[in-house]
Amino acid sequence: MRNLTMMTDLYQLTMMDGYFLQGKANETAVFDVFFRQKDTINYAVFAGLEQAIDYIKDLHFSAEDISYLRSLGVFHDEFLDYLASFKFTGEMYSVCEGDIVYPQEPIVIIKAPLIEAQFIETALLNIISHQTLIATKSSRIVTAANGKSVVEFGLRRAQGPDAGIYGARAAIIGGATGTSNVLTGQMFDIPVKGTHAHSWVMSFDTELDAFRAFAKVYPDTCLLLVDTYDTIQGIKNAITVFNELKQNGHKPIGIRLDSGDLAYLSKVARKMLDDAGFKDAVVMASGDIDEYLLQSLNAQGAKIDMYGVGTKLITSEDTPSLGGVYKLSAIEHGGIMEPRMKISDSLVKVTNPGFKTLYRLYDKSGMAVADLIALKDEKIPKPLVLTHETERWKTTTLTDYDIRPMHHKIFDGGKCVYKTPTLKEIVQFALAEKNKFWDEYKRIDNPQIYKVNISDGLYELKHKILKEHTGKH
């Protein structure tokens with residue numbers, strides 16, 4: 001595991017130096033991690049917590065790090081001397097990996113000495129925003145695949161090794177069933193999957209020779225890429241080889257389509273395979289696939305059993321950033337925690353003040369009906385009246401509901417107190433939670449808006465601060 005302490009923005013260190021010299025370093029501060037509304041993201045799948053935990057556990061400056069910082073000529077000597085014993089001593093609260101989360105919700109909360117809480121901003125946003133983004137894209141693609149298996153195929157198109165490794169991990173949390181990335185498979189015990197490239201076919205004199213050679217090497221896992229030259233002829237050649245395998249007591253896996261009209265070709269391929277007696281052979285499709293193409297393929301009745309999804313998944317091509325932010329929400333002055341709030345002419349940039357927590361509310365059938373952002377020690381009543389924050393005439397009364405506190409304490413006094421689940425456990429949890437949301441909330445186009453409300457106590461605090469600072473209610 002690499003130490004990532006120096007993976008930060010310079011201004012985090014300059015602020016730390018300033019806090020240190022101004023005597024503010026040990027003031028307790030509360031920061032929230034959340035993301036802002038995106039047109040292409042109606043929900044997100046939280047991922048990256050395990051790597052965030054590892055980062056905080058290993059937080060320290062080496063002698064070489066401090067020597068480099070000294071060479072910049074920016075920092076004061078007494079601050080650099082302080083960094084020699086720097087570590088995280090605070091608290092961290094987080095939702096579970098695999099949880100469905102929504103804009104403005106505090107996904108992670110840090111309560112720590114100001115100098116520590118400030119410093120970890122950059123790395124936390126880097127780790128959590130990336131994995132959450134890819135897990136979310138994966139979830140959308142898996143939803144559109146309509147029960148068909150999705151395999152992550154994006155390593156060669158990922159924006160660097162880490163994006164490929166941890167993006168594949170996130171894709172699995174989002175619902176993908178395997179990856180082509182062997183290192184990710186090794187690191188996280190994920191099924192690895194793959195066939196062969198067009199270069200394999202092109203390296204032989206004929207396509208049939210190439211297929212026969214591949215079948216000889218892999219007689220029980222034979223899945224042939226059929227579109228190197230002519231797809232229909234490629235399917236015929238695959239069937240020839242499948243018959244030869246069958247005669248020798250082996251069962252082929254199927255074929256892969258990587259280009260052309262996937263809807264038409266998959267229907268032709270399915271009929272040809274069925275007519276040849278290979279009704280169990282799968283038709284796999286790969287290429288520039290995303291949730292929008294999958295919807296189109298479904299509408300056209302495509303006969304595809306499995307998808308290999310690469311570029312548009314691993315890069316989240318249509319939404320290349322999550323919009324994650326890290327904002328101060330409270331700070332200690334004279335032993336009293338005072339709420340802090342970012343105020344802006346842009347409503348989406350106005351933050352929620354105070355030390356908060358997050359609840360999910362379920363009806364008696366176990367389906368999610370709303371989320372509630374509340375102050376940490378606020379009592380949640382029954383019945384509960386949910387009121388839209390800005391359109392106050394919109395209310396919903398919940399009389400009989402179950403409530404789940406979504407935050408878990410991860411660090412306490414700088415010590416990790418959370419037992420990190422295995423990736424398989426995270427995947428199981430993610431699927432179970434996703435199934436607790438009605439399809440209307442998860443559809444790709446024009447989804448129903450899920451209710452995310454703030455509590456009465458938080459509403460009153462927020463508008464008290466707005467009145468004090470702006471004279472507005």
Side-chain angles (χ1 to χ4, degrees), residues 30 32-37 41-46 91 93-109 111 327 329-330 337 339-342 347-348 350-410 429-430 432-443 447-467 472-473:
V30 178
D32 300 340
V33 176
F34 59 95
F35 70 97
R36 293 184 175 129
Q37 185 70 49
I41 297 179
N42 56 302
Y43 70 89
V45 178
F46 177 61
E91 300 171 12
Y93 303 83
S94 177
V95 303
C96 297
E97 283 203 88
D99 252 326
I100 301 287
V101 291
Y102 289 89
Q104 307 301 323
E105 293 186 338
I107 303 169
V108 173
I109 292 178
K111 182 182 180 183
K327 292 297 182 184
S329 60
M337 288 297 293
R340 289 290 186 268
M341 179 177 168
K342 168 72 170 69
L347 183 62
V348 74
V350 176
T351 62
N352 289 315
F355 189 18
K356 298 176 293 296
T357 193
L358 180 64
Y359 298 101
R360 179 150 293 155
L361 310 173
Y362 301 87
D363 64 22
K364 285 305 177 180
S365 68
M367 300 300 288
V369 293
D371 287 2
L372 185 68
I373 308 169
L375 297 174
K376 184 71 172 174
D377 298 321
E378 190 174 357
K379 186 177 179 181
I380 309 303
K382 277 192 177 184
L384 173 64
V385 179
L386 298 174
T387 305
H388 193 284
E389 183 179 353
T390 57
E391 299 169 10
R392 302 299 287 170
W393 65 90
K394 294 183 179 179
T395 63
T396 300
T397 301
L398 302 178
T399 57
D400 193 12
Y401 62 87
D402 293 321
I403 187 167
R404 174 167 73 95
M406 294 184 68
H407 284 160
H408 297 261
K409 182 173 274 191
I410 310 299
F429 171 79
E433 286 304 305
K434 185 177 180 180
N435 287 337
K436 293 176 184 176
F437 286 81
W438 296 108
D439 289 343
E440 289 80 359
Y441 295 127
K442 297 177 288 189
R443 65 187 176 217
Q448 176 68 18
I449 302 301
Y450 180 76
K451 292 180 177 66
V452 177
N453 287 78
I454 63 174
S455 66
D456 290 343
L458 180 54
Y459 178 86
E460 291 168 5
L461 175 62
K462 191 170 184 177
H463 285 264
K464 177 176 179 289
I465 295 172
L466 282 171
K467 183 177 180 180
K472 298 176 182 178
H473 292 275

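Being a predicted model, the structure only gives us computed values, none of them experimental. Counting from 1, the numbers follow the sequence of the chain as shown.
- Within a 6.0 Å radius of NZ in Lys382, other residues, nucleotides and ligands contribute more than 12 heavy atoms.
- Among Lys111, Lys356, Arg340, the one residue that satisfies the salt bridge (charged side-chain N to carboxylate O under 4.0 Å, His left out) test with Asp32 is Lys356.
- Salt bridge Glu389/Lys462: present, at least one basic N to carboxylate O contact under 4.0 Å.
- Listed by first and then second residue, the side chain to side chain donor-acceptor pair (under 3.5 Å) pairs involving residues 362-375 are Arg360-Asp371, Tyr362-Arg404, Tyr362-Glu433, Asp363-Ser365, Lys364-Asp402, Asp371-Tyr450 (not counting sequence neighbours).
- Contact annotation: the side chain of Val385 never approaches that of Asp456 to less than 4.5 Å [non-hydrogen atoms, C-beta and beyond].
- For Lys464, the NZ atom sits in a loose shell: 12 or fewer heavy atoms of surrounding residues, nucleotides or ligands are nearer than 6.0 Å.
- With hydrogens and angles disregarded, a donor-acceptor distance shorter than 3.5 Å links the side chain of Asp99 to the backbone of Cys96.
- Closest approach of Ile373 and Glu105 over heavy atoms only: CD1-CA, 4.0 Å.
- Side-chain contact between Pro106 and Asn352: absent, with no pair of heavy atoms (C-beta onward) separated by less than 4.5 Å.
- Shortest non-hydrogen contact noted between Met341 and Thr351 is CG-O, 3.4 Å.
- For Lys451, the NZ atom sits in a loose shell: 12 or fewer heavy atoms of surrounding residues, nucleotides or ligands are nearer than 6.0 Å.
- Between Thr387 and Lys394, every side-chain heavy-atom pair lies at or beyond the 4.5 Å cut-off.
- A donor and an acceptor atom, one from each side chain of Tyr102 and Gln104, are nowhere located under 3.5 Å apart.
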Using side chain to side chain contact (heavy atoms under 4.5 Å, CB included), reason through Leu398 and Asp400 one step at a time and then give a plain yes or no.
CA-CA 6 Å; Leu398 302 178; Asp400 193 12; over 6 Å; no

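- To the nearest 0.5 Å, atom NE2 of residue His388 and atom CD1 of residue Ile449 are 9.5 Å apart.
- For Lys442 (side chain) and Phe437 (main-chain N/O), a donor-acceptor pair under 3.5 Å exists by modelled atom type.
- Atoms CG and OG1, from Leu458 and Thr357 in turn, are 11.5 Å apart once rounded to the nearest 0.5 Å.
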Check the pair Ser455, Tyr359 against side chain to side chain contact (heavy atoms under 4.5 Å, CB included), reporting the backbone distance first and the verdict last.
CA-CA 10 Å; Ser455 66; Tyr359 298 101; over 6 Å; no

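- Smallest separation of non-hydrogen atoms from Phe355 and Ala330: N-CB, 4.4 Å.
- His407 places no side-chain N or O within 3.5 Å of a backbone atom of Ile109 that could act as its donor or acceptor partner.
- Lys434 is listed as a side-chain neighbour of Tyr43, based on a closest heavy-atom distance under 4.5 Å.
- At a threshold of 4.5 Å between non-hydrogen side-chain atoms, the residues Thr399 and Thr397 count as touching.
- Under the 3.5 Å distance criterion, the side-chain polar atoms of Glu378 are matched with a main-chain donor or acceptor of Gly457.
- One distance of note links CE of Met406 with CD1 of Ile100; it measures 9.0 Å at 0.5 Å rounding.
- Ring-plane geometry between Tyr459 and His463 is classed as tilted, the angle between the planes lying from 30 to 60 degrees on a 0 to 90 degree scale.
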Should Leu372 and Leu358 be marked as a side chain to side chain contact (heavy atoms under 4.5 Å, CB included) after you check the CA-CA gap, both sets of side-chain angles, and the distance that decides it?
CA-CA 6 Å; Leu372 185 68; Leu358 180 64; over 6 Å; no

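- In this structure, Pro103 and Phe35 have side chains that are in contact, with non-hydrogen atoms separated by less than 4.5 Å.
- Here the side chains of Asn42 and Tyr441 are not in contact, with every heavy-atom distance at 4.5 Å or above.
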Given the rule in the side chain to side chain contact (heavy atoms under 4.5 Å, CB included) test, do Leu386 and Leu384 qualify, once you have shown the distances and angles that lead to the verdict?
CA-CA 6 Å; Leu386 298 174; Leu384 173 64; 3.7 Å; yes

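- Between the side chain of Arg443 and the main chain of Asp439, no donor-acceptor pair closer than 3.5 Å is present.
- With values rounded to the nearest 0.5 angstrom, Ile465 atom CD1 is found 13.5 Å from Lys342 atom NZ.
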